[in-house]
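Below: one structure, written as structure tokens.
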2 protein chains.
Amino acid sequence: MDMLMFELDKNATEPLYEQLYDAIKKGIVDGSIPVEKKLPSKRKLADFLMISQTTIELAYGQLLAEGYIVSKPRIGFFVEDIATLPYIDKAVVVPEEKPSAPRYDIDFSPGRIDTASFPFSTWRRYAKDAVDEQQQNLLLAGSAQGEYALRKEIASYLYQSRGVHCRPEQIVVGSGTEQLIPMILQILGDYNVYALENPGYQMTHHIIGQYGQRSLPIRIDDDGLDVTELEKSDANIAYVTPSHQFPTGAILSAPRRAQLLQWASYQANRYIIEDDYDSEFRYIGKPIPSLQGLDHQQKVIYLSTFSKSLMPSLRIAYFVLPEKLMPRYHALFTYYTCTVPRFEQHILAQFMRDGHFSKHLNRMRKIYRKKLEKLTEAIAQYDAVNISGEQAGMHVALTVKHDLTAAQLSTQAKAAYIRISPLSQYMLKEDARYDQHLLLGFGGIDEQCIAQTIETLFALWGLKKGEIAP
Amino acid sequence: MDMLMFELDKNATEPLYEQLYDAIKKGIVDGSIPVEKKLPSKRKLADFLMISQTTIELAYGQLLAEGYIVSKPRIGFFVEDIATLPYIDKAVVVPEEKPSAPRYDIDFSPGRIDTASFPFSTWRRYAKDAVDEQQQNLLLAGSAQGEYALRKEIASYLYQSRGVHCRPEQIVVGSGTEQLIPMILQILGDYNVYALENPGYQMTHHIIGQYGQRSLPIRIDDDGLDVTELEKSDANIAYVTPSHQFPTGAILSAPRRAQLLQWASYQANRYIIEDDYDSEFRYIGKPIPSLQGLDHQQKVIYLSTFSKSLMPSLRIAYFVLPEKLMPRYHALFTYYTCTVPRFEQHILAQFMRDGHFSKHLNRMRKIYRKKLEKLTEAIAQYDAVNISGEQAGMHVALTVKHDLTAAQLSTQAKAAYIRISPLSQYMLKEDARYDQHLLLGFGGIDEQCIAQTIETLFALWGLKKGEIAP
């Protein structure tokens, strides 16, 4: 074969060079153009097929780049031994329908917020403003720690609302607690033993396990973490939710706070991770200041998120490192890029700077307080049910006197399309004290419907007003 | 002390209950109200201070919640032993000025894109549309794998442009390669040995080390990864950039592709991670189809990003898992929340759905091709400098014949505020073949300035047109 005989269609939408490329490749793959065969010169093939030499050049160039042919300078192009390289057959992909998530008529899960009260128009204005021809360099990678403008707003907010003392330089912004905890683990190094609240936030337990580190469950009571049990344990790092324990809702008492900070001060490798996930919403008195603000020994890593205060789907969280851990952070994460889109960071920074965040929090606090009142009122009518952890946040714990366990009650509710989790789901180690406890998130329930939803749920469980259940 | 004597200022902006709370707390902290002291009853204190009982209730409630006092039912409130709990002194935080990043007059780093050509107005429209009162549930957490609407667009794009065969169900969206690689490592499990291209992408090396796994450097030549060296190594997972090797720009040839896929097929625990980071921009012929499209044995994990094709600051990347690894993904990441904001995901999904992404790519390809032409023209005038890796992407490799090494030339450039990195910076293991190589990213350089910037840089190095340097 001195020439390649192909039928090229000059009227096709596919460019000529692609048709030629496809035809030659097919020939090489199916063996009709044998290995080591010399291809016709560009000029000759162009004359023969009556097409331009550029077209041949493009086709040969592509084959060359993909390794189907090799070029021997001043001699020509030769077919390579492509061994078993198969031809890509372009079958049509038919995407399957997305399997729908389990649907609930009533959803008491703690992650839900009140979506109706979000300031859409304000947020939209800032979203629009962020995408700006005049600020082209926002398209490029920004600071690894997060935009300085945002960190500045966070530092000022934390100081005023949470008593946290920090400079913007100590703040690291990321896409959520799940993304930041692994970074904290790496900063703290290997061979640590983590004390986790029991019951507690499962995700932390999960991540620590994934990183091959050890964790120990420590019991919770009405004053929060049992620091005396912590003192007796091997743990050197305590992960706590002092402002509103997740999931029991307990508040870490002042003596316990002091005891915990003291525990940390006894050894150089001891640290406290303070997860302050929903401290913005406190309904009685003013918010309880953070552990970080009480700490004078650089023992507290403060961690928080905008998931509750703004929206879970925003994916913006942050931690505050003690100054002495900053060099370790810089050593480990030089190569890192902040995971939060810069547009999003600037929208939030402007929103905070112009006072909309405080306004939003004040508004939401009233809304959630109202919901909580309706909830406690509704529940108060049932002697079989006790409520706790209602001083703050967007969830409470229920204790239900019943022949069925909380887990069984949850299953019963699920069958009726009501989602409410037993506290046992958050246990790292079994503890019979919580067998009758359920976690009720009220953030996402319409205020007008609260009384009705509680009545529906409790009726389902066979509870009657003013009575102890069967 | 039977009563608490405080001066409360009814005209102050601080509410009375806060004044009272502050005063009592201060008294407890400084010891003027001793431990175990019984506080006056609410009624008595209210009468005494001539304020409402509610005010007292709020103050006591706060003190109670923070553990400064305890309540003994039917007896009263008592001061707790708060040990060393210090008072938070609210010093004013003065944020320091942000240290400015090192500035360059000319930046040839490979992460830079052409920002002037971004379709700001189109993107802004979609950004505005995404924040919509009618779609309140976009505020709540979405799919852990990423929004289905976006994964559908990615699947269709990948099929058409990259020959990747996948269903949206196989795609996992995340905030960048750095965030996704750790997930892939976890899916592949412990005790793997990773083969990395040398020179190659440092971040991967770094992450693998952080996860306590082993990596081996494998040499690169003009046809990409030396698969024969891989075959002789202990590695069971190969991390490759076949479409445009980073940083040399080599394209993995067809025989090598076949050899690599064959290598993977020999053992059950062998996999290939195909990082297709800038394959959208190919200047000669059409893009080279992905390894994933050639793989019929579910051996390829395909990884890509929108950092080059749209913008680095968007923080959206994704990987495509073989079907057989999906159960492992689901087992590991049930608890996970997708790290990309949902608004951002929907903006991108709509942008792609309406054809703007392809339009943008076609436009950018022309722009980058033009820049590349100017660059090669400018460089062609210097006999001392060779260019390679220019078939695709947004960077090329330069080989400079010079008494100074590439690293020294880079330092010299830096002193003149020009940023250009030696290839040695990307070496996992020393290899003298690259001592004279530099990486030149041209994406961010204005087309009109390219000739001038090259002239400036080369003059700085003492190169003269048409001459071999000193």
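FYI, side chains are in, hydrogens and waters are out, and symmetry mates aren't considered; it's all heavy atoms of this structure. A, B, ... follow the sequence lines: proteins, then strands. Residue 1 opens every chain.
Here the straight-line distance linking atom CG of B:L138 with atom CZ of A:F120 works out to 8.0 Å at 0.5 Å rounding. Taken from OH in A:Y211 to CD in B:Q210, the straight-line distance is 8.0 Å, to the nearest 0.5 Å. Taking CG of B:L140 as the reference point, atom OG of A:S307 lies at 10.5 Å (rounded to 0.5 Å).
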So A:V340 and B:R315, side chain to side chain contact (heavy atoms under 4.5 Å, CB included) or not? Walk me through it.
-> CA-CA 6 Å; A:V340 184; B:R315 313 312 299 139; 5.9 Å; no
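Contact of A:Q202 with chain B is made through the side chain alone, with heavy-atom distances under 4.5 Å. Both the backbone and the side chain of A:A116 come within contact range of chain B, judged by heavy atoms closer than 4.5 Å. Neither the backbone nor the side chain of A:Q391 comes within contact range of chain B; no heavy atoms are under 4.5 Å apart. In this structure, the portion of A:L314 lying under 4.5 Å from any heavy atom of chain B is its backbone and not its side chain. For A:L64, no part sits under 4.5 Å from any heavy atom of chain B, backbone or side chain. Using a 4.5 Å cut-off between heavy atoms, A:Y60 does not touch chain B at all. With a threshold of 4.5 angstrom between heavy atoms, B:A59 does not approach chain A through any atom at all.
Under the 4.0 Å criterion applied to side-chain N and carboxylate O atoms, B:R256 and A:E80 are not assigned as salt-bridge partners.
Side-chain atoms of A:H206 never come within 3.5 Å of backbone atoms of B:F333 as a donor-acceptor pair (strictly under, hydrogens ignored). A donor-acceptor pair under 3.5 Å is absent between the side-chain atoms of A:R342 and the main chain of B:S313, judged by distance alone.
Among B:A141, B:A392, B:P312, the residue making the largest number of heavy-atom pairs under 4.5 Å with chain A is B:P312. Counting heavy-atom pairs closer than 4.5 Å to chain A, the top-ranked of the candidates B:R112, B:K128, B:R125 is B:K128. Between chain A and the options B:L310, B:I347, B:D132, heavy-atom pairs under 4.5 Å are most frequent for B:D132. Among A:I251, A:L332, A:D190, the residue making the largest number of heavy-atom pairs under 4.5 Å with chain B is A:L332. For the options A:E57, A:M203, A:E344, heavy-atom pairs under 4.5 Å to chain B are most numerous at A:E344.
What you find for B:E133 and A:S121 is that their closest heavy atoms are OE2-N, 3.9 Å. Contact detail for A:R124 and B:V131: the closest heavy-atom pair is NH1-O, 2.6 Å. The two residues B:L139 and A:M311 have their closest heavy-atom pair at CD2-SD, 3.2 Å. Minimum interatomic distance between B:T115 and A:Q136 (heavy atoms only, all atoms of both residues): OG1-OE1, 3.0 Å. Of all heavy-atom pairs between B:S175 and A:S175, the closest is OG-OG, 3.5 Å.
Using a 3.5 Å distance cut-off with no hydrogens or angles, the side chains of B:E178 and A:T337 do pair a donor with an acceptor. With hydrogens and angles left out, the side-chain atoms of B:Q179 and A:Q179 include no donor and acceptor closer than 3.5 Å.
Scanning for ring pair (Phe, Tyr, Trp, His ring centres under 6.0 Å) contacts around B:H205 gives an empty result, with sequence neighbours left out. Looking at residues two or more places apart in sequence or on another chain, you find a salt bridge (charged side-chain N to carboxylate O under 4.0 Å, His left out) between A:D114 and A:K371.
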